[in-house]
Amino acid sequence: MDILITGILLGATYSLIAMGLTLQYGVARIMNLANGEMLVAGAFGAFWVFTAQQASPFAAALVVVPGAFALNWLIYRYLLRPLVRRAKNRGMLEVDSILATFGMSFVLVGIMLMVFGGGYFTYSYLAEPFEILGSPFALNRVVACLVAVAISGLLYWGLNGTRTGMALRALAVDPAAAGLVAIDVPRMSAFSFALGGAVTAAGGIVLSTFLTMDASIGVVFTMKALIIVIMGGVGDVRGAIVAAVILGLAETAVASLIDPGLTLAAAYLLFVLVLLLRPEGLFGRRQS
Amino acid sequence: MSRAEIRSLTLAAAAFALLAFLPFLKDSGYLLSVSVSIAMYTVLATSWALFSGPTHYISLATAAFYGLGAYVVAAGIGAISYPLLLALAGTAGAVLALAVGVTTLRLTGVYFVIFTLGLAELIRQVVTWVQNNLTGSRGMYVFTEITERIIYWELLGLAALVYLVGWLVARSRLGFALHIIGNDELVAAHVGINSAAAKLILFVISGVFAAVVGAVMAPRYTYIEPSIVYSPELSFQVVIMALLGGAHRLWGPLVGVIPFALLWELIAARFPTQTVLLLGVAFLLIVYLIPHGVVGRIEFALERLRWGTRRG
Amino acid sequence: MAERTVLDVQSVVKRFGGLLAVDQLSFAVRQNEVLGLIGPNGSGKTTVLNLISGVFKPTTGDIYLDDRLISDRPARHIARAGVGRTFQLVRILPSLTVLENVMAGAVFGHKRLWGREARKYAERQLERVGMAHAMGMATAALTYIDEKRVELARALASDPRVLLLDEWLAGLNPTELQTGIALIRSLREEGRSIVLVEHVMDAIRSLCDRCVVMSGGVKIAEGAPAETLADREVIRAYLGDEDA
C-alpha cells in the first residue's frame, strides 16, 4: 500500500516531465536529449532560492519558468531552426537534432558544473510526515504531487480548450497540413519547444523538493522522460500520464524492495517490455 | 582484386609495420602515451562509424561496451589467462550488442538512440549494486605485467583488424545492403534486404571492438571502478571524433581522431575543470559547421575543383 | 484465358484504426496479363499495392503468389519470392549511382547476383528502359521521368514474376507515353504479370487485359477495359451522381 501511494505520488511528478518532452518531441519534432539538463537547471534554481534567498522553492518558479521558456525559445530559434531548415526529411532532422541536443546537454552540464560544482545538492523542505489512509508520507512528496497535478491540469486545459492548444495539436498530427490551414508552423514549433522546456524546468523544481540532484544526473531524467513518452505513445497525453504512474510505481517498488540504486534498471526493464510487446505505446493502435 | 586495391593494401600494411616500431624510439614515453590514446580512439571511432556511418543510427553506448570489456578483465585477472580474457570480453560485447540490437533495431532509429543513451548509466548502476552487495568493494585492482608498449601493439593490431573488417564489409553484399538501408529502408525491404539482420551484424561488430578495446586498456588503469570506465564522456568523444573526420568513409574517423586527441590532451591539461563544457561546444561546432566531416569537405572541394577544370 | 493464376488476392480487408481502406477485395492476375487497378483518388489502389508488396499486412484475408501464401510474410520475403514494384512518389537511392540503384534489385532479389555478373545484368536492364547513357551518373542529375525509368529498371533487375506499377505512366509526354506503353507490353509478352495502378485512360485502354475498378475501398466492377469504363457505377464513382 505504501509502495502504491508513494509510486503514484512520484508518477504524478514524472507525468509533468513527460509532458514537457511531449511538447518538444511530439509537437516541435525535436528529440531533445538535453531535456534532463533543463530539469536539473530548474532544480538548481529552486535550490538556490531556498538556500540563498530563504524562500519557498516554489517561489523559484517565478524566475525559473519564464527563464527556461526564454532560453528554450532562443535555443529553438537560433540553434534548432537552422537544422529544421537544413533537413531534407524527418529522418535527417531526427539525426541532426539528436546530435545537436546531445551536444547541448554536455554544454549545459559543463555550465552547471562551473556554477554549482560537482557535489550533490539537497535541501530539506516540508520534510515532515503527512498521513494518508493512516500511514505517514513525506509532506514534500504530497505537495509536489499536487503541484504537478495542478500544472498538468492547466496544460491539459490549455491544449484542449484554447485556440493555441488546438494549433499545437494540429501541428502534432501533421506539420505540413497545419501550415495549410494558416497555422504559423515555425512560430508554433518554437512556442511548443519553449513551453516544453518551461514545463520541464518546473518539473525540476518540483522534484528538487524531495530528490537529491547533481550536475550530471540530467541524462537519467532524460531517459525516464523518453521511456514514459514512448510507453504512452508519442503525442498521447493520456498515455503519458498512465505510463508515468506505471514508471513511478515500478521505481518505488524496486527502490523499497531491492535497492534505491537500481531505479534506472527498473525503468529500463519497463522500456524493454514496451519495445518487445507494445512498441506503438500503451494505447496506440497496432499497425496490423 | 584490382591493382589499385593491391597498392592501397600494401601501403596500409607498410604504414602499420612502420608504426609498430614507434616504441623503440628513444625517449618515446610521452609519444607512446599519446599514441596509445590515438590508437584507442581510432579503433573505437572507426568501429563506431562502421555501424553508424551507413545506417545513420547513432549509438551513444560506446562506454557501455568499453566498460564491460574492462570489467571482464578486472574480474578475471589472476584467475584466467589474459588472451582468454580478451576473447571473453569480445564475447560479452557481442552478447550485449545482440541483446540491445534485437530489442531496438527492428524499430525506428529513435528507440535505438534512447536505449543506447542510458545504457552506460544502467550498467554502471547495476555493477555498482553488484559490487556493493556481493563483493563489498567499490572498485577492483588490475595488476599485470602488461606494459604500455604491449597495449600499444595490441591496439595497433586491433586498428589493423578494424580496417580489414571495414574493407571486407564494404566489398561485400552486406556493405552494399547497408548503403541501401541508409538511403531508404522501404526500398531496402522491397529489393529483398533483411535490414534488421544487416544492422545487427554491424552493431555486434562495433560492440565487440569496443569491448575488446576496454579489455586491452584495463591494465593501464590499475584501479577500476564503475564511474571511471563507464564515463559518458567516452561515448561522446568517440562520436565527436568520428563526425569530425567523417563517418561515411572507412578512413574518415582517423582524420578526426588525430587532431582531436592531440587537442584534447592540451585541453585536459590546461582546463581540467571545463572539459565537459568544451566537449559540448566542440561537438556543437562540428554538428553545425562541418556536418559531413573534414573528409566530406575535402571531397566536396575536390569535386568542385574537378568540375572547374573540366569547364575551364 | 488458359493462363494460370499467378497472383491471387482473396477477400482482403485493411483497416487503419477506424478507417476501412480496403474492404473484402478479391481479384486474380494470370500469367501474361496486365491488370489495371483503377478508381478515383483515395479509393485504396495504392493501399492494395502496399498490401501485395508487404508494406502492410492485411487485417484479414490472404494473398497468394503461385499458390504460396505471401500476405503474412515481410516485404523482403515477398520481394525475393518474385514481386517487384515502383512507387507512386519515386524512391531513388540518392547517394548511389544510377547503375548501383539498379544493381540493388539484382543483388538481393531472387536473382542474388554479385560482382561483375550483377553489374552486367543491371546494365542490360538500364538499356531496356532506355537509360544506358546514364549508367555512371549521380542520381541528382536525373529528371523526374528518368528517375521513374531507373526505378523500373531496379524492379526489373530482380526479374519479378509480378510487377506492380504505381502510376508509372503519369506525367509522361505523348511520345514518352507511347514508348512506355510499348515497354510494358513487352514485359507482359515475356510472361510477367503486371498490376497497373493508373489514371491515364489511353494507357488503360491499350494495355490492360482486364480492369478492377475500386471506389471507397470496395471493388465496384471488373472486366475488359471497354465495358468496365462504360459501366454506370464506374462513371458515377468517377464523376459523381449528377452526371450518371
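In what follows, every chain begins at residue 1, and chains take the letters A, B, ... in the order their sequences are listed.
- Both the backbone and the side chain of B/Glu121 come within contact range of chain A, judged by heavy atoms closer than 4.5 Å.
- Residue A/Met114 comes nearest to B/Leu277 through the heavy atom pair SD-CD2, 3.6 Å, listed as atom of the first residue, atom of the second, then distance.
- Nearest heavy-atom pair across B/Leu117 and A/Thr222 is CD2-CG2, 4.1 Å.
- For chain A, no part of B/Asn132 is nearby; none of its heavy atoms comes within less than 4.5 Å.
- For B/Leu60, the part lying near chain A is the side chain, with the backbone staying farther off; criterion is any non-hydrogen pair under 4.5 Å.
- Between the OH atom in B/Tyr111 and the CG atom in A/Leu226 there is a gap of 11.0 Å [rounded to 0.5 Å].
- Both the backbone and the side chain of B/Tyr288 have a heavy atom closer than 4.5 Å to some heavy atom of chain A.
- Distance CG/B/Leu122 to CG/A/Leu269: 9.5 Å, rounded to 0.5 Å.
- Contacts with chain B were tallied for A/Arg86, A/Met31, A/Met112; A/Arg86 has the most, counting heavy-atom pairs under 4.5 Å.
- Between chain A and the options B/Ala282, B/Gly118, B/Pro291, heavy-atom pairs under 4.5 Å are most frequent for B/Gly118.
- Residue B/Thr116 comes nearest to A/Tyr268 through the heavy atom pair N-OH, 4.5 Å, listed as atom of the first residue, atom of the second, then distance.
- Contact of A/Ile98 with chain B is made through the side chain alone, with heavy-atom distances under 4.5 Å.
- Only the side chain of B/Leu243 comes within less than 4.5 Å of a heavy atom in chain A; its backbone stays farther off.
- By the neighbour-count criterion of 12 heavy atoms within 6.0 Å, atom CZ of B/Phe300 is sparsely surrounded, having that number or fewer from other residues, nucleotides or ligands.
- Contact of the A/Leu99 side chain with the B/Ile286 side chain is not registered, since no non-hydrogen atoms from C-beta on lie closer than 4.5 Å.
- For B/Thr103, the parts sitting under 4.5 Å from any heavy atom of chain A are the backbone and the side chain alike.
- In this structure, A/Ala265 and B/Gln125 approach most closely via the heavy-atom pair N-OE1, 3.9 Å.
- With a threshold of 4.5 angstrom between heavy atoms, B/Val113 approaches chain A through side-chain atoms but not through N, CA, C or O.
- Counting heavy atoms from C-beta outward, A/Phe102 and B/Val287 have side chains that stay 4.5 Å or more apart.
- With values rounded to the nearest 0.5 angstrom, B/Phe283 atom CZ is found 8.5 Å from A/Ser105 atom OG.
- Of the listed residues A/Leu262, A/Asp96, A/Leu83, A/Val95, the one with more heavy-atom pairs under 4.5 angstrom with chain B than any other is A/Leu262.
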- Item | Intermediate values then yes/no, side-chain contact (heavy atoms from CB on, under 4.5 Å), B/Leu284 and A/Phe106 | CA-CA 10 Å; B/Leu284 286 178; A/Phe106 272 72; over 6 Å; no

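- Ranking B/Val281, B/Leu119, B/Ile123 against chain A, the residue ahead of the rest is B/Leu119, based on heavy-atom pairs under 4.5 Å.
- In this structure, chain A has a heavy atom under 4.5 Å from the side chain of B/Ile58, while its backbone stays farther away.
- B/Arg124 places none of its side-chain heavy atoms less than 4.5 Å from the side chain of A/Leu264.
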